[in-house]
Amino acid sequence: MSDKELLIPYTRLPRSEWPEVYGRLEEAAVEATRRSYAPYSHFHVGAAALLEDGEIVLGCNQENASFSPTLCAERTALYAIGAHHPGAVVERLMIVAETEGKRVEAISPCGVCRQVMMETAKRQGKPFEVILCGSDEAIVISDCRLLLPFAFDGSDIPS
Ligand code: THU
């Protein structure tokens, strides 16, 4: 028997130390929260993905009375990139949330979105940075794959 441990590195970055691009991503992600359709949870999530060519693509959660069709902001952004920017490479993905008009502190993506992030990284041959944006600080995960240890990445499916 051997016991193992996994460590997940991340950075807490105070707003005063944010690179300029974080400000632009935050503005975009906040705008995305305003486009969110969340009449059931009232939890408005915005995602802003920075592509390698500098373009920023937005995503926001889209809810449904039947609940299970609800799509998170992160997947909305990543799938929009697949549809509108085929072959594009995602460099960073920032996530912001608001409820009742107030910022929610750094929220973390759900497991399904992590799975989609991992496949996006695999597809584009490069991981991307995930930024959980709070009001005073951001939590930065340099490689989206770190968020999903012991992932199923499809490599065991016979081709
Ligand atoms: N949600 C997201 O859009 N992203 C997350 O990272 C967490 C949760 C959405 C799904 C649902 O519309 C609402 O937030 C409450 O769970």
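Ligands are counted one by one from 1 in listed order, and the atoms in each one are counted from 1 as well.
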Worksheet entry | Stepwise side-chain contact (heavy atoms from CB on, under 4.5 Å) check, Ser41 with Glu63 | CA-CA 8 Å; Ser41 72; Glu63 299 187 346; 2.5 Å; yes

Item to complete: Only counting residues at least two apart or in another chain, list the ones meeting salt bridge (Lys or Arg N to Asp or Glu O under 4.0 Å) with Arg75.
Response: none

Practice prompt. Would you please write out the protein residues whose heavy atoms approach any atom of ligand 1 to under 4.0 angstrom, listed by chain and number?
Written response: Ser41, Phe43, Val45, Asn61, Glu63, Thr70, Cys72, Ala73, Glu74, Ile107, Ser108, Pro109, Cys110

Practice prompt. Decide if atom OH of Tyr10 counts as having more than 12 heavy atoms of other residues, nucleotides or ligands within a radius under 6.0 Å.
Written response: no

Discussion item. For the CD atom of Glu137 and the CG atom of Leu13, what is their distance to the nearest 0.5 Å?
Written reply: 8.5 Å

Discussion item. Taking the basic N atoms (NZ, or NE/NH1/NH2) and the acidic carboxylate oxygens, is any pair closer than 4.0 Å for Lys126 and Glu52?
Written reply: yes

Practice prompt. Check whether more than 12 heavy atoms from other residues, nucleotides or ligands sit under 6.0 Å from atom CZ of Arg15, and answer yes or no.
Written response: yes

